[in-house]
Every structure is written in structure tokens, then in C-alpha cells.
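Numbers restart at 1 for each chain; the letters A, B, ... are given by sequence-line order, proteins then strands.
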Amino acid sequence: MHNLLDGLNPRQHAAVTLPHTSALILAGAGCGKTRVLTARIAWLLKNGKASSSQIFAVTFTNKAAKEMLTRLSALLPGMPHAIWVGTFHGLANRLLRSHHQEAGLPRLFQILDSADQLSAIKRLLKSLNADTDRFDAKKVQLFINQQKEQGLRAHHMAADDPWTRKMAEFYAAYDAQCARENVVDFAELLLRSHELLQHHPALREHYQQRFRHILIDEFQDTNRLQYRWLKQFAGSDTALMAVGDDDQSIYAFRGAHSGNMHEFQRDYAGDNLIRLEQNYRSQGNILDAANALISQNSGRMGKNLWTDAGAGEPLYLYAADNDQDEARFIADKAAHLQQQGHLFGEMAILYRSNAQSRILEHTLFSAGIPYRVYGGLRFFDRQEIRHAMAYLRLLVNPDDDNAFLRVVNFPTRGIGARTLELIDAEAQANGSSLWQVARRAAGKPGKGMAGFVQLIEQLQTETELMSLPDTIAHILNASGLAAHYQQEKEGQDRLDNLQELINAASVFLQDNAESAVAPASGSVSESASGSASGSALADFLAHAALEAGHQNEQTNDAVQLMTVHAAKGLEFRTVFLSGLEEGLFPNEQALSGSKGIEEERRLMYVAITRAREHLFLSYAHTRLLHGQTRYGIPSRFLSEIPASLMQSEKTKNNIYQSTKNEFSPKISTSGGSLSGTSRPDTGAFNTASANWRSGMNVRHPKFGLGVIMQLEGRGDDARAQVNFGAVHGVKWLALAYARLEPV
DNA sequence: CATGTCTCCATTTTT
DNA sequence: TGGAGACATG
């Protein structure tokens, strides 16, 4: 118990040992948030303030849930029992499995991930003969999910305008389709479990009395439904602890409502607000930069990070001539640092959008620097895995039309579009699933379908008594999947992945058997864990849907490439933050709306605070974007960082010297000033009058300095697109009238 | 039914 | 530029 509190600073200590009240913990980046959260739980348990069954701890990602469990098991000798720790979706799933009847769900409902949901919607729109030009499936998906995240059902939609009416119609039809197919999407997990408690007071009270402590991580990322969902577990004697950082709210674009923090204060915490501001990660200059930047945002809850560590190195700004030059700079610097004893694995290259990774990868590859790109295809998203999973799903629930369609003719068995159309038409007419029609009609249309029906039914009986891994192995063989990939030229990887799926199933079984505290996604009944349902397969399917699976965590010593979003929660000794240009970061599409820029700034804040020792910032005057040369000017964020914290360097026209003297600052531009003097000769568009060229620096009497990005037309019609930077933005000007001067 | 060609379109993303 | 999806062809 001593070591539990050892090394906590006073604020952390206060948070961990808080009496039985609700509180909001405002936890800055790198201030020991997760540590406090887990220490709090351990402290409650060790001091008999609560039993493990009275704890309800919610995170966003499986990774965070796992980490919390791992840390808890380190702090507590025997792993606690019956504790509810998991993701929102995992816990919602657990609840719905326990009370599926009250929730109006079949015992073995399946979970649709986003891709499944999208194909379900496409199917739906087709069957409704919807005008897919006006009602594109992605839009419908977005609409439905947004409504669900607001807690709204189709019948709640205001039917004012025809568009909403139509959408509401789709929404209702979609829900009906899901019900028919026994499937539940992600948003539905939350909404359905929310309604479950809403409509069943006895159940609600049961949980409200049971959970004396509710703890929520990354609270700034919750959406409105999630907050309402949480509130239902809180009884009059429940203490809630919400941990979050409004400055790190970077998911508003997908519904996160950081205003929940204010509401939480009003609803529960009141004056119990603890700020964790001592940072254990970054050195002084880096923190100062972050603080200065984020202070530009309005409506913050307020926080100022500080550190015991010294100022450390200054930030380093590199103004590259073009994106290649920028990449080369980063590669050289990375190699240089490695020679100085840094590990490649301690370095990260961050960018705003994935498209930027290409050149970086290319350059690193050429330089022979090992790297790893995050955010690729995830395990359970792979085609071969999806196919295998579809067979598994059909065993549990043959009415799953998505799964049916995926593998009915894969590997090909002579079931063409014609047959499927017939089946589909009949299913529509009867309101039954494709499987049911197929089975009844198995004798009629062609022998293909009969074969498929027989295959599935045979598999069902054959695997009844098999273990999960054996079941999968058997299915791979019997369905012809394995043979199919064996024939394929480049099928070896896929076969390996399928083998990996079998292994994953074994691991899943082990995890579920040996501990009562597997992440909540794994367990079906409330009290007992493991496979109380008698279906390890169903549990495994839920697990697969809820946890897309991290890519194989290779611990190679490799530079890490990822978007700033993906870097949240991580830290690196050295961070290269690239592409700091107006339009890219801040991203021009994100700038619409007044709050857009603030979220971009928070994103920048997150990026800066990833760095422990070294932070390299860079931008390029010229960048190849969508196959066209774009001319950019430094991001406004650079001008929001005090110049005194930065060293800068510029190349002169495309000549980058990768020699030793690169650390010495040459030109001292505090970022953001439009003093770029380089005029790249590349990519000039020779459309307009000869006097003007893309990439030229110009001055406008009203808008000030800018860079010509594009030219169009000729003679009197000639127009130029000029980027005037942060204040005036990008404008089209008629060259005949605008009083533009070359600079 | 597999494979090639064309057109369109380009943040960020977890569950 | 390059990837995904829609269409057409062998």
C-alpha cells in the first residue's frame, strides 16, 4: 500500500485518495493520468473503500482498457474479481448479453463493424430502389450513426423537410433489417443498452446500487449518448471520477463533445476539480511552446503545464524548399541522432494526413532507415480474415445476410448474380433472410446453392463438439478457403494470416478461461465469465468485432510514422512534426466553422506534447499534392510559438546540405512571417501572363504578403490564386484589377 | 466470372 | 499522383 502512493505528487495524491465524492480530474498531457486512475482503483480496493464488484471503469480503446488491467494486476496481488473494466462498447455488449431478453435481442446477436454496417446499408438502399446519387450509402451511414449518438430513433426525427424524411425512412428500414438479421452496430450497442436501463427501472437501480465508483478515462472524447449512458449507472451514492483534458479534445469531428466536462462539473463534480499540471515527459522549452500555443484557444478550462526538468534543447524549425527536401532533412537528422546513440524506435515522424507519409517512407527507405507506419489495415479487416469470420458467423447465425453474401460464392461455386437476385427478391417478399430462402429453394435453382446450404449445415453439425481453433481450421478446409489461397500466387501471406486467426482463437480461449477479468468484451454473463452461454464461438465473434486487433507489435528498432491523431497518448524522445503549412496543418477543410481552427490547434498541441527531448518542426515551400505542385506558406501555428524557443534553418533553393553544420542556425525567422525568399523554379504553370508565376511571392495592398499558388486564364481573364496566410486565407484575384506586386 | 479500363476523388478515426 | 469503385469486355 505504501508503494501504491509512493512517488505521487501532492495533486496526484489528492486525486487518488479522494473521499467518496465525485470529481473532475483535469489531467494535462504527460502528467500521469493513467497512473492516477489505476492507483485510485487500487487504493479503493486495498483500503476496503470498495469491493471489486463495485467498480465500473470505462475507457475508449481496448488498448487503454488492457493497460489499466495490466497496471492493476501489478498493483494488486490477486487480480480482482468481477470488476467491470472495459470500453464503452465492450461494457455495453456485456450488458446486452446479460439482459438480451429485456433488451429485445436474440441470445446470440452479432456485432456489425463499420464496414459491415456500410455494406448492410448499401444492400438496404438497393432493395429500396433508392436514388443512390442523392442518397449515398456513406451519407446514410453517417446520418444513422449521428442520430443514434444523439440518442434518437427514427420515429424521433422531425419530418420537416423531405430529405430528413427520406433519411428517417432509411433509418427505420435499416433498424428493421438489423432486427431481422440479428445484428447490432456499434452505436446501437450503446443506444440499446441505454434504452434497456431507461425502460427497466429495477435493472437500473440494481446497477446503480452495485456500482459505487465510476471512473472514466479520456472524458473529453465522450459523445452525448455516452455521457447519458454513464449517468444511468450512477445512483445517489455513486462517486464518479472523470479524467480528461479539454485541450486534447481532437475528435469533435466524430461527435465527441468536450462540453461534457462542463456538464459533468455541473452534474456531479462541483468544486471538486483537481488539475494535474506537473509534466513528467517533456523538457521546458517544449512545454513552453505547447502552453503558448494552446493559450490562443478560447473557453479552455485552463491549465499550465510545468516541469522540474530543465529547459532542454530549443525547438528546431526547418524551412524546406519542397517535400522531398523536408523528408531528406528528417531522414538525415534521424540517422544523425542514431549515430549519437538514439534508437530509431525512440523517434516518431508525425503528419496531419496519411497522404504525407508516402514521400517520407520513400526517403527513409532509400536512406536505409528502418521505419514502421501506423494505421494500416488491421488484422480483422483483412479480406481473408473477413471471409473466414463470415463462415463462422453463419454457423452461429445463418440469418446474417452480410455474412451470407460475402461467402455464398467465395470460393466460387457457381452461384451468380442471377441466382442471388432471385433469392433476394423472394426474401424481400417474405421478409425473411436470404439463408431461409436459400435453404427452402436449395433443390430448385442450381446445384450450387444446394451445395452451399449443405456445406453450412454440415459444418454446423461437424463443429458442434469441436474446440474453437479446431472449428476454424475445419472450416478453412471444408469451405475451400484454404485451397483457394493455396492456389493463389501471392496467397502465402493470406494463409499465414488465417493460421494466425487460429492462433488468435487459442489465445482467446486461454485468456477467457484463466481470468475472471478479461476485458468486458469477452464475457457473456454478468457474474460468471467465460462462456456461460455455451458458445465460445459467439464470444469470439464479439471479441473480433469489438477489437479489430492491433498489428503485430514488432519491437524492431524502427522510426515510427503516424498521424498526429494516432500519436495521442504516446510519447517519443524525438518527434519530427512535418508539413506545417497553411492548408495542411491547420488543414483547410477543417477550418470551416469557427471552432475548426481551435480543434486544429489542439491537434498541434497534442503533437508538440508527444516529444520528450527533441522537437523538429518543418514545412515545405513546395509540395506535390494530388499530383500538382502546391505552394505553401508556414503554418500560423509556428507564429504562435515564441521565437525565442526555436532555432531555425532554411535551405537556399533546393540545395540541402546534409553535412555537419546543419545544427547551426543560419537564418533566424520566427515562424509565420511571410519572409520566404525562395522561388522554386519547378512546376510553374505557364498559363497566365508571363509576368506571373506560381510560387512567386507577392504583395497586395490590402491583404499583404502572399504566395501565388495557381494561375488560370490569359489576358484580361487571367486570375491568380494567392495564399495570404492565416489572416486573409486563400483568394482568387483577377490580375487585371488586383494591384499585386511581385516581392 | 475474371480482368482490364475509366472516372472521380481526394482530413483526422475508435468501436 | 494513385486508389477505389463503376463499368465494359474477353
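- The separation of B/dT11 from C/dA6, taken at their C1' atoms, amounts to 25 Å, rounded to a whole angstrom.
- For A/Leu96 and B/dT15, the CG to P distance is 18 Å, given to the nearest whole Å.
- Residue A/Arg352 places its side chain closer to B/dT11 than to any other of B/dA10, B/dT15, B/dT11.
- Picking from B/dT13, B/dT15, B/dT11 the nucleotide with the shortest atom distance to the side chain of A/Tyr251 gives B/dT13.
- With rounding to whole Å, A/Gln141 atom CD is found 12 Å from B/dT13 atom C1'.
- Cation-pi geometry between A/Arg372 and A/Tyr374 is met: the NZ or CZ atom falls under 6.0 Å from the ring centre, inside 45° of the normal.
- Note on A/Glu600: a base of the nucleic acid sits closer than 4.0 angstrom, heavy atoms only.
- When the P atom of B/dT13 is taken as reference, atom CD of A/Gln146 falls 18 Å away, rounded to whole Å.
- Cation-pi contact between A/Arg224 and A/Tyr227: absent, since separation from the ring centre below 6.0 Å together with deviation from the ring axis within 45° is not met.
- With DNA chain B read from its 5' end, the first of the two nearest nucleotides for A/Ile415 and A/Thr563 is the one closest to A/Ile415.
- The side chain of A/Asn354 contributes an N or O atom lying less than 4.0 Å from OP1 or OP2 of B/dT13.
- With rounding to the nearest 0.5 Å, the separation of CD in A/Gln150 from CD in A/Gln146 is 8.0 Å.
- One can place CD of A/Glu149 at 12 Å from C1' of B/dT13, the figure rounded to the nearest angstrom.
- Qualifying side chain to side chain donor-acceptor pair (under 3.5 Å) partners for A/Arg601, counting only residues two or more places apart in sequence or in other chains: A/Asn297, A/Glu640.
- Distance CD (A/Glu588) to P (B/dA10): 12 Å, rounded to an integer number of Å.
- The base of B/dT15 sits with one of its N or O atoms less than 3.5 Å from a complementary donor or acceptor on the side chain of A/Ser114.
- Residues A/Arg623 and A/Glu326 are paired through a salt bridge, judged by an N-O separation under 4.0 Å between the basic side chain and the carboxylate.
- Here A/Arg386 pairs with A/Asp381 in a salt bridge; the nearest charged N to carboxylate O distance falls below 4.0 Å.
- B/dT12 has its base anti relative to the sugar, with a glycosidic angle deviating from 0 by more than 90°.
- Atom P of nucleotide B/dT12 and atom CG of A/Leu591 are separated by 15 Å, given to the nearest angstrom.
- Within the 4.0 angstrom heavy-atom criterion, base atoms lie near A/Phe253.
- Between B/dT14 and A/Asn62, no contact under 4.0 Å exists linking OP1 or OP2 to a side-chain N or O.
- Distance check on atom C1': C/dG3 versus B/dT14 gives 23 Å, rounded to whole Å.
- Comparing B/dT13, B/dT11, B/dT15 against the side chain of A/Asn587 picks out B/dT11 as the nearest.
- Checked against B/dT15, B/dT14, B/dA10, the side chain of A/His626 finds its nearest nucleotide in B/dA10.
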Fill in the blank from the handout: Its contact letters, B for base, S for sugar-phosphate only and - for none at protein heavy atoms under 4.0 Å, make nucleotides 2-10 of chain C read SS-------
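- Atom CZ of A/Phe253 has more than 12 neighbouring heavy atoms from other residues, nucleotides or ligands inside a 6.0 Å radius.
- To the nearest angstrom, C1' of B/dT15 lies 14 Å from NZ of A/Lys148.
- One atom, NE2 of A/His89, and another, P of B/dT15, lie 8 Å apart when rounded to the nearest Å.
- Counting only distance, with no hydrogens or angles, the side chain of A/His387 and the backbone of A/Phe410 share no donor-acceptor pair below 3.5 Å.
- A/Asn223 comes within 4.0 angstrom of no nucleic acid atom, judged by non-hydrogen atoms across all strands.
- Taking only side-chain nitrogens and oxygens, A/Arg378 never comes nearer than 4.0 Å to OP1 or OP2 of B/dT13.
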